[in-house]
Amino acid sequence: MITIILKDGSRKNYDHPVTIQEIVKDISPGLARAAVAAQLDGRVTDLNTTVEEGEHTLNILTLDSDEGMSVYRHTTAHVLAQAVKRLFPQAKLAIGPSIENGFYYDFDVDKPFTAEDLETIEKEMKKIVKEDLKLERYELPRDEAITLMEQMNEPYKVELIKELDDDAVISFYKQGDFVDLCAGPHLPSTGKIKAMKLLNVAGAYWRGDENNKMLQRIYGTSFSKKSLLNEYLKRLEEAKKRDHRKLGKELDLFSIHEEGPGFPFFHPKGMIIRNSLENFWREEHAKRGYQEIKTPIILNRELWIKSGHWDHYKENMYFTQIDDMDYAVKPMNCPGSMIIYKRKIHSYRDLPIRMGELGLVHRHELSGTLHGLMRVRNFTQDDAHIFMTPDQVRDEILGVIELVDYVYGVFGFKYHIELSTRPDNSMGSDEEWEMATNALEEALRAKNLDYKVNEGDGAFYGPKIDFHLEDCLGRTWQCGTIQLDFQMPERFDLSYIGQDGEKHRPVMIHRVVFGSIERFIAIITEHFAGAFPVWLSPVQVKLLSITDRSNEYILKLEKRFKEAGFRVETDLRNEKIGYKIREAQMEKVPYMLVIGDKEVESQKVAVRMRKGGDAGVMDVEEFISLLRKKIDNKEID
RNA sequence: GCUGAUGUAGCUCAGUAGGUAGAGCACUUCCUUGGUAAGGAAGAGGUUCACGGGUUCGAUUCCCGUCAUCAGCUCCA
């Protein structure tokens with residue numbers, strides 16, 4: 001007797017052996033169509049699995065779930081491998097997992113795949129789907145598994161099997177002429193795959209280790225419907241359109257040159273965005289009791305030895321010599337802050353001291369990882385160091401969390417939080433780390449915030465809370481971080497005089513909100529697709545003349561707007577209005593004012609908005625107060 | 001850093017099977033004074049095709065090297 005308990009608690013009984021697929025069909029034909037795999041007694045398994053005697057819980061995985069999609073894409077990866085093996089029989093298989101939004105498969109081949117190869121492979125995959133091959137699972141004892149893979153000339157698979165635990169089940173999946181070592185589960189047959197696409201090829205090291213051989217990785221994705229695939233492809237295209245490197249060039253915000261790889265140049269328009277962000281930052285920090293400092297970019301070797309950077313961060317630092325003495329270009333701002341803290345004796349009454357610094361740091365990043373403003377070799381951290389007594393820690397962390405929450409809200413970003421714990425190669429004792437980690441967790445719990453834990457991902461001097469914001473395309477970016485540090489105060493022998501008249505050791509927080517100003521600009525450029533909110537727009541208003549009869553009035557308006565503090569440009573060129581509008585629109589200017597005889601006559605302005613077009617005629621002062629309100633409230637249009 | 005692709009006018013790109021380069025946009029001048037996403041004409045623009053070598057009578061084109069850019073190198077059968 002077989003008893004199946006379904007998700008809703010209902011039961012089904014069978015007096016003969018059944019496969020999960022048959023059970024699903026009994027439940028509903030609709031579910032049978034959507035099903036990709038199942039959880040039998042909590043374990044993920046194939047639909048082809050035959051259920052054994054006894055009582056079982058059964059949960060069907062469909063394409064609505066992440067697990068379901070992952071199975072679906074994993075099977076697509078197998079189809080890819082099969083296609084490659086048919087076309088390139090000498091190719092050796094490595095691994096082929098499903099990943100977020102798709103899958104990949106690594107192959108060892110003599111010649112890298114070309115774009116044309118991808119097309120051919122994709123065609124072959126479609127053939128395999130059409131053949132609707134059944135995926136059959138079977139298990140083999142270790143020796144036989146190794147012999148099989150050796151016979152098939154698959155050295156990577158042999159290596160994988162040899163590394164499996166002694167008691168591990170070694171399973172294979174067979175579809176037609178193709179067999180692959182795989183834990184599964186898989187779709188019942190290749191015909192279930194409805195829409196797929198190979199996206200690109202790239203080199204990837206075997207097991208991600210650069211000492212190993214470089215394999216060829218083919219990336220692809222698959223969806224349950226053609227329309228979903230197209231939607232996904234559209235999103236990729238949209239991301240490409242919004243690429244800050246492209247928009248940065250088109251909108252003339254910044255540039256990067258051969259003369260300084262990873263060292264961005266900011267143009268006048270980029271500087272307006274930058275300065276607007278920094279002004280906003282300064283205002284918000286002043287409100288919250290921060291002082292601002294600026295520390296030098298180059299400091300001597302002793303300092304970096306004392307701070308621990310010399311031992312823990314050397315590969316990322318730049319060095320120089322002055323009068324035969326060793327110096328380093330700062331990769332972080334904290335040691336400079338230490339020196340400022342130490343300039344005088346502090347009373348407990350002075351604490352907490354919140355010292356902010358928009359500090360330019362330099363870090364040596366591998367040349368292959370540089371990426372526009374996202375990954376650079378010099379950038380400005382919106383840093384701050386908070387020095388406090390141990391019993392102030394919680395409130396200070398809460399204060400930073402509140403600040404981050406407020407700032408991200410202004411840009412319309414959602415975010416999530418991650419907590420990173422002690423890494424290898426770190427300073428300090430286990431007790432200190434535990435205390436620090438607990439303090440961060442307590443603050444998160446006090447705010448009732450959800451968070452994910454990343455073991456071993458902390459800084460070398462302390463654990464951290466990271467804020468990952470989510471842009472309008474659903475991509476996440478790590479920006480803000482709060483790092484608790486018991487090490488630096490110790491190393492620099494920081495102290496304050498307590499109520500008892502004795503010296504005590506302060507605790508310190510490092511924290512950033514934007515993270516890097518440069519990267520934040522990249523993120524908002526992509527988030528807003530270059531159409532920045534008015535308060536950030538390099539040009540807020542553009543005055544467009546229809547004929548030169550209105551020039552005089554326009555110049556008067558320009559003066560008035562400048563007095564009002566707006567960033568305004570005029571276009572008096574001898575061009576048609578459509579031409580001028582098109583240009584202003586492409587520059588993504590939020591407000592265009594079209595001025596012709598009628599406006600001169602009525603002493604008004606005809607407003608055209610970047611989004612929404614013609615907004616009708618308005619009184620000049622009325623427009624000014626409207627714009628001022630939008631700017632002051634940092635409205636997003 | 002590694003693998004692969006790419007590097008031609010300010011921008012986007014074409015091109016030469018090796019015989020000293022072209023389009024569109026932008027720019028300049030002229031005509032046009034025209035109401036909500038490109039009016040017309042003419043002109044200028046490359047120290048000559050990222051840089052350095054090599055092959056060749058001759059290289060932007062072929063070969064080697066360097067630099068830069070782009071994609072990936074984290075997701076573990």
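All chains are named by letter (A, B, ...) in the order of the sequence lines, taking the proteins before the strands, and each is independently numbered beginning at 1.
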Peer 1: What is the separation between atom OH on A:Tyr219 and atom P on B:rC70, rounded to the nearest whole Å?
Peer 2: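 These atoms are roughly 17 Å apart.
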Peer 1: Atom pairs under 3.5 Å, N or O on each side, protein against nucleotides 3-14 of chain B: can you list them with distances?
Peer 2:
from, atom 1, to, atom 2, distance (Å)
B:rU12, OP1, A:Lys249, NZ, 3.0

Peer 1: Is the phosphate of B:rA71, meaning OP1 or OP2, less than 4.0 Å from a side-chain N or O of A:Arg245?
Peer 2: yes
Peer 1: Rounded to whole angstrom units, what separation is found between the CD atom of A:Glu599 and the P atom of B:rG34?
Peer 2: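 About 14 Å, once rounded to whole Å.
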Peer 1: For A:Leu370 and for A:Lys580, locate the closest nucleotide of RNA chain B by heavy-atom distance; then report the residue assigned to the nucleotide nearer the 5' terminus.
Peer 2: A:Lys580
Peer 1: Wobble G-U and Watson-Crick pairs count when both distances are under 3.5 Å; given that, what is the 5' to 3' dot-bracket string of RNA chain B, with | for pairing to other strands?
Peer 2: (((((((..((((.....[..)))).(((((.......)))))......(((((..]....))))))))))))....
Peer 1: Between A:Phe566 and A:Tyr591, is the ring centre distance below 6.0 Å?
Peer 2: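 Ring-ring flag for A:Phe566/A:Tyr591: false, centres at least 6.0 Å apart.
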Peer 1: Just N and O in the side chain of A:Thr547: are any of them under 4.0 Å from OP1 or OP2 of B:rG34?
Peer 2: no
Peer 1: Under 3.5 Å, side chain of A:Glu154 to main-chain N/O of A:Met149, donor-acceptor pair present?
Peer 2: no
Peer 1: Expressed as a whole number of angstroms, how long is the span from A:Trp206:CH2 to B:rA77:P?
Peer 2: 10 Å
Peer 1: Expressed in angstrom and rounded to an integer, what is the separation of A:Glu100 atom CD from B:rC75 atom P?
Peer 2: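 That distance rounds to 14 Å.
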Peer 1: Record whether the side chain of A:Arg549 comes under 3.5 Å of the base of B:rU33 through a donor-acceptor pair of N or O atoms.
Peer 2: no
Peer 1: Detail all sub-3.5 Å separations between protein N/O atoms and N/O atoms belonging to nucleotides 24-28 of chain B.
Peer 2:
from, atom 1, to, atom 2, distance (Å)
B:rA26, OP1, A:Tyr579, OH, 2.9

Peer 1: Hydrogens and angles aside, do A:Gln82 and A:Asp177 bring a side-chain donor and acceptor to less than 3.5 Å of each other?
Peer 2: yes
Peer 1: Ring centres under 6.0 Å, that's the criterion: do A:Tyr105 and A:Phe103 meet it?
Peer 2: no
Peer 1: Quick one: label A:Gly578 by what it contacts on the DNA or RNA (base, sugar-phosphate, nothing), any heavy atom closer than 4.0 Å.
Peer 2: sugar-phosphate
Peer 1: For B:rA71, take OP1 and OP2 only and decide whether either is under 4.0 Å from a side-chain N or O of A:His371.
Peer 2: yes
Peer 1: What contact category does A:Ile95 fall into here, base, sugar-phosphate, or nothing, at under 4.0 angstrom with non-hydrogen atoms?
Peer 2: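 Answer is sugar-phosphate: A:Ile95 comes under 4.0 Å of backbone atoms only.
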